[in-house]
Amino acid sequence: MAHPLLRSLALLACPLILVGCGAQSAGDGPPSPRSSTLRPEHSAASAGAASTAGASASARPTEAKDASAGIAEGALEGTTIALDPGHNGGNASHLSAINKQVPDGNGGTKACNTTGTATQDGYEEHAFTWAVGKAAKKQLEAAGATVVMSRTSDKGVGPCVDERGTFAKEKGADLLVSIHANGTESRSAKGFGVIIAPKGPEVAASKRLGKDLVAQLKDQGFPVNRAGYGSDGLNERTDLAGLMNSSVPTALVECAEMNNPSEAALMRTKAGQKRYATAIVAGIGDYVHAGG
Ligand SMILES: [Zn+2]
């Protein structure tokens, strides 16, 4: 009974309504839990500033576009920075090679390397550390630094932990930052920590580097793992062979807890990886500007 024009208008309107419904149900459906999982990470940045969460979320992608975010272009001209992304993609399939005993830096020996940890859904630490290492390298180079890496891909085996310490001095690096993530069993464990070795003439410099890294990780909104590292986020350990074998100022960053669902979700994203890299690069920048 409807006028033909009205009928065709109704036909046109229908697909429009369906598109709208589809978009709405997608927005209320699967993506919702994901964004609510990520939100605490962003709001942790500004404790109690939940009302600014939207603003900071929209600001972050803009920051992420700038490869040298967190440090001025040319600021690291003339420096050589060593990065050690933990573990390697081929370790798990070459157990005899990575179980070979190597100097532990304490007069003893320990296994060449380990496979590392993984998130509950199988995203592996070596892939995360490689992604953060690559992003940090890009930012450091944009700031004028020469970057040397302990490994050149995520498909190899090793290198062994002694080499991961000694290569920095051999390559003429001013400092070394080792990148890892924790695998604490409890899913409620959360946050980052920085570790240095209380050894050698460079211990005071390592401590300054560690503190600068902690400050910049906090600044990027990452929470300190107080249970594991205390309120200052900094531990001293003598059992980490990479640190013990290094003879330049050195710090190891445990970026987050891979068993923590919200941190795991963040660690899998390029934006999250870039934020960890930005914090590490800014920490390195602060250390260098303070005179090393
Ligand atoms: Zn590790």
Side-chain angles (χ1 to χ4, degrees), residues 82-95 97-100 102 104-106 110-137 149-168 176-187 189-197 206 209-210 213-214 217 222 224-225 227-229 233-246 250-260 263-264 266-268 272-273 276-277 279-280 283:
L83 295 178
D84 168 39
H87 316 282
N88 206 335
N91 284 6
S93 53
H94 293 80
L95 291 178
I98 68 161
N99 282 326
K100 185 182 84 177
V102 298
D104 66 1
N106 267 323
K110 75 187 297 182
C112 159
N113 211 188
T114 55
T115 55
T117 185
T119 62
Q120 300 272 328
D121 56 357
Y123 179 58
E124 294 184 80
E125 184 187 354
H126 66 80
F128 170 73
T129 66
W130 180 241
V132 174
K134 271 196 308 182
K137 178 177 189 280
M149 308 274 281
S150 62
R151 58 182 169 109
T152 53
S153 82
D154 194 34
K155 292 179 177 153
V157 181
C160 298
V161 278
D162 55 333
E163 284 176 53
R164 286 175 187 264
T166 55
F167 89 103
L176 165 63
V177 175
S178 190
I179 304 164
H180 285 258
N182 263 330
T184 304
E185 215 168 299
S186 162
R187 293 173 69 137
K190 179 174 183 157
F192 74 86
V194 175
I195 307 168
I196 62 155
S206 294
L209 174 61
L213 288 165
V214 168
L217 282 155
F222 300 117
V224 172
N225 181 344
Y229 299 83
L234 198 62
N235 275 0
E236 293 186 7
R237 282 173 60 176
T238 55
D239 63 326
L240 296 173
L243 302 183
M244 293 301 289
N245 277 291
S246 174
T250 301
L252 183 152
V253 181
E254 293 281 9
C255 293
E257 292 286 348
M258 296 200 95
N259 279 323
N260 180 297
E263 293 201 320
L266 184 67
M267 292 165 89
R268 292 188 81 120
Q273 292 156 2
Y276 286 108
I280 289 168

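Atoms within a ligand are numbered from 1 in the order they appear, just like the ligands themselves. Only heavy atoms go into these numbers, but all of them, side chains included; no hydrogens, no water, no symmetry mates.
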Exercise. Scan Val161, Leu176, Ile179, Thr129 and name whichever one has a side-chain contact (heavy atoms from CB on, under 4.5 Å) with Asp84.
Key: Leu176
Practice problem: Decide whether Thr117 and Glu125 meet the rule of one side-chain donor and one side-chain acceptor closer than 3.5 Å. | Solution: no
Quiz item: Is any side-chain N of the basic residue among Asp121 and Arg268 closer than 4.0 Å to the acidic one's carboxylate O?
Solution: yes
Quiz prompt | the Zn ion (ligand 1): protein N, O or S atoms [distance under 2.8 Å] | solution = His87 NE2, Glu125 OE2, His180 ND1
Quiz prompt | His87 versus Thr114, side-chain donor and acceptor atoms under 3.5 Å | solution = yes
Practice problem: Look at the side chain of Arg237 and the backbone N and O of Asp239, then say whether any donor-acceptor pair between them is shorter than 3.5 Å. | Solution: no
Quiz item: Listed by chain and number, what are the salt bridge (Lys or Arg N to Asp or Glu O under 4.0 Å) partners of Arg187, not counting sequence neighbours?
Solution: none
